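Below is one structure; the comments refer to it alone.
Chain identifiers are assigned alphabetically (A, B, ...) following the order of the sequence lines, protein sequences preceding nucleic acid strands; residue numbering begins at 1 within each chain. Computed from a predicted model, the values in this text were never measured in an experiment.
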Amino acid sequence: MRRISLRWDANTWISSILLVLLLTTYMVVIYVVVVLVGTLPFGGLYNDFPSVLFRVPRWLDLISFVLIGITLIPFRRWLRARIHNLVYAQDDVPYVLASRVTKQLQTMTNPQRTLPGLMEMIAQTLYLPYVAMETTLSNPIRHYSYGAPPAGVKVNQYAITYLDTPIGELLVSARTANQALPANYITILKDIAQQLGIALRAAQLTAELQASHERLVIAREEERRRIRNDLHDGLAPTLSSLQLQLGAVRNLISRDPEQAEALINGLREDMHSATAEIRQLVYDLRPPMLDELGLVGAMQSSKFQGSEIRVEVHAPDPLPKLSAAVEVAVYRIASEALHNVIKHAQATTCQIHLEVDGGCLVLKVIDDGISLPPNIQTGIGISSMKERAAELGGTLTVQPGEPSGTCVFARIPLESGCMEV
Amino acid sequence: MTHSRSVTVAAILLFVYNLYDAVQTIPLLAQGTANDSSLNKPPFAVSLLVFTLAIFGVFAAYGLWRNAKWGKVLGLVVTALNILYTLIPLLVAPLFIKLVAAGFIILNILIVVLLLRSESAPVNV
């Protein structure tokens, strides 16, 4: 950590010279006044200066030295504080600092690069030996600092908050142990702490957005790779095999028609399984029923519901136009929730409710079976439902139903930015 | 720009005192080094120093009036030096001169107090 060296600073020289000059003047005035008062009853002193100083009685010297000795230290303390304020506290410094801090924070995208320089700038503008900040937005807690507090000097703390939530602290020390910060410095430091809160939160959101973009790209590329592998490892060999068998059929059809016919029957089965494989691939990309029947129709179809329990779908008519991403997410969440009900809930009925509330699509899947145990560990199914909702900026919770059973509650914004903060 | 009352009063006092000082040393400077050994006349070098100090004092008063930091620093330096050289007649001059010198010293001490008093007191956090 770098330390501010105040020793060779111009302001330090000015305050030292002023202190020495005024202390010297004080001591000389005390001495002269004591000598004057002491010699007045005896007619005073009327000789040339400086020879007159050698004629001053020694007891007067002693009295003046004692008086100076008693009063010098308190006077020096008072004088030093005033001179420090005169030399270091300027009226326009807080405004200059606020302007510089605002400029730096406006362009801050990476706090780890910007904040150390910001601490240095605050310290040098206010002539402070130590300025630091801690932020709890990241894990572990990050600490940025400039300089070090002098020994015995109290470090003042100013809370950094965002929407009334503490997210860090600004730490500042005074210059010396017996000197506190001027009132205008304290005001500007509190304002800077508020600005830091907003800037840190903005930087965190930017970082999260970037990470989210990267996850999206990774997920897209993973999906493409999965499809490529499915096609390459599954469908392509099947089609190649069909091609070879067709070649064999052509060769056999004139020489051995019966064997050719058997081969053709085998080919039909292979074609059937290849078609099923293609259908599954297509289904994994997007369920065809969504395009054919719409979201509500797809949920009401027998293929979605199965035959194990009775499923009721309640939705507004007409349902607002939904984006493809929202449709697929809601469909998959409802499908997974229904699958869990059938597998675990021992229910007889399951109700699926769709509502539009405040720019969000609300999905509730409620069953009348047994409730979830209180401390159940989240499995892959619930995790994947939550991820699907979170990908679109939504939320998903699993809570006990009334009077029994379980309720899966998902809230997904119809447009980005509609979710409450 | 706002003047604190202390700084305003200090600027006026500093201006008046140093203007008087400058004006009263002009005749002494005009005499040059003649009669430098006379007891009734300070040496030419001292008169020149006092005159120079008085000019700086006038500039400091201007700086104080503009509420500039340099004005306060220069004002304190000039006033401290004024006190130091005014102590000599206070010590050795006849009674009447002693009284005048005492008055001037009190005036300069008042200026110093006004300048230092104008700074905001430290705040305990």
Side-chain angles (χ1 to χ4, degrees), chain A residues 11 14-15 17-26 28-29 31-33 35-36 39-40 43-53 55-56 78-79 81-92 154-158 172-176 178-187 189, chain B residues 1-4 6-7 10 37-39 42-43 46 64 66-99 101-102 104-106 108-109 111-125:
Chain A
N11 285 332
I14 291 171
S15 65
I17 290 167
L18 273 178
L19 186 67
V20 166
L21 184 62
L22 289 173
L23 279 177
T24 305
T25 307
Y26 172 77
V28 171
V29 166
Y31 179 78
V32 167
V33 167
V35 167
L36 206 62
T39 56
L40 218 53
L45 298 169
Y46 292 100
N47 284 309
D48 285 341
F49 183 83
S51 60
V52 65
L53 294 175
R55 298 180 188 279
V56 175
W78 177 85
L79 190 63
R82 297 292 177 177
I83 289 174
H84 263 265
N85 276 350
L86 185 150
V87 172
Y88 289 103
Q90 302 172 40
D91 289 337
D92 57 344
K154 181 186 166 193
V155 176
N156 305 310
Q157 298 172 339
Y158 306 101
V172 174
S173 80
R175 298 179 197 110
T176 57
N178 57 355
Q179 185 192 25
L181 293 171
N184 56 349
Y185 279 26
I186 294 170
T187 305
L189 287 168
Chain B
M1 194 187 315
T2 59
H3 292 175
S4 74
S6 304
V7 172
S37 56
S38 163
L39 285 175
V46 172
L64 275 180
R66 302 223 1 127
N67 212 21
K69 188 177 97 169
W70 65 265
K72 294 179 186 176
V73 173
L74 186 59
L76 280 172
V77 171
V78 166
T79 311
L81 293 173
N82 279 340
I83 292 173
L84 284 173
Y85 84 71
T86 311
L87 286 171
I88 301 169
L90 183 70
L91 208 53
V92 300
L95 183 62
F96 175 72
I97 306 293
K98 269 191 169 81
L99 289 172
F104 284 160
I105 287 173
I106 290 170
N108 280 290
I109 290 174
I111 293 173
V112 169
V113 169
L114 286 172
L115 287 178
L116 292 178
R117 186 175 164 275
S118 70
E119 297 308 313
S120 56
V123 173
N124 286 323
V125 178

(request) Output all residues satisfying side-chain contact (heavy atoms from CB on, under 4.5 Å) with Ile97(B), sequence neighbours left out; order by chain, then residue number. (result) Pro89(B), Ala93(B), Pro94(B)

(request) Mind checking the CG-CG spacing from Leu79(A) to Leu116(B)? Nearest 0.5 Å is all I need. (result) 6.0 Å

(request) For chain A, find which of Ile109(B), Ile83(B), Val73(B), Val112(B) contributes the most heavy-atom pairs closer than 4.5 angstrom. (result) Val73(B)

(request) Indicate the atoms forming the closest heavy-atom contact of Leu86(A) with Lys72(B), along with that distance. (result) CD1-CB, 3.9 Å

(request) With rounding to the nearest 0.5 Å, note down the distance linking CD1 in Ile14(A) to CG in Leu76(B). (result) 11.5 Å

(message) My understanding is that only residues two or more places apart in sequence, or in another chain, count here; which of them pass ring-ring contact (aromatic ring centres under 6.0 Å, His included) with Phe104(B)?
(response) Tyr17(B), Tyr20(B)

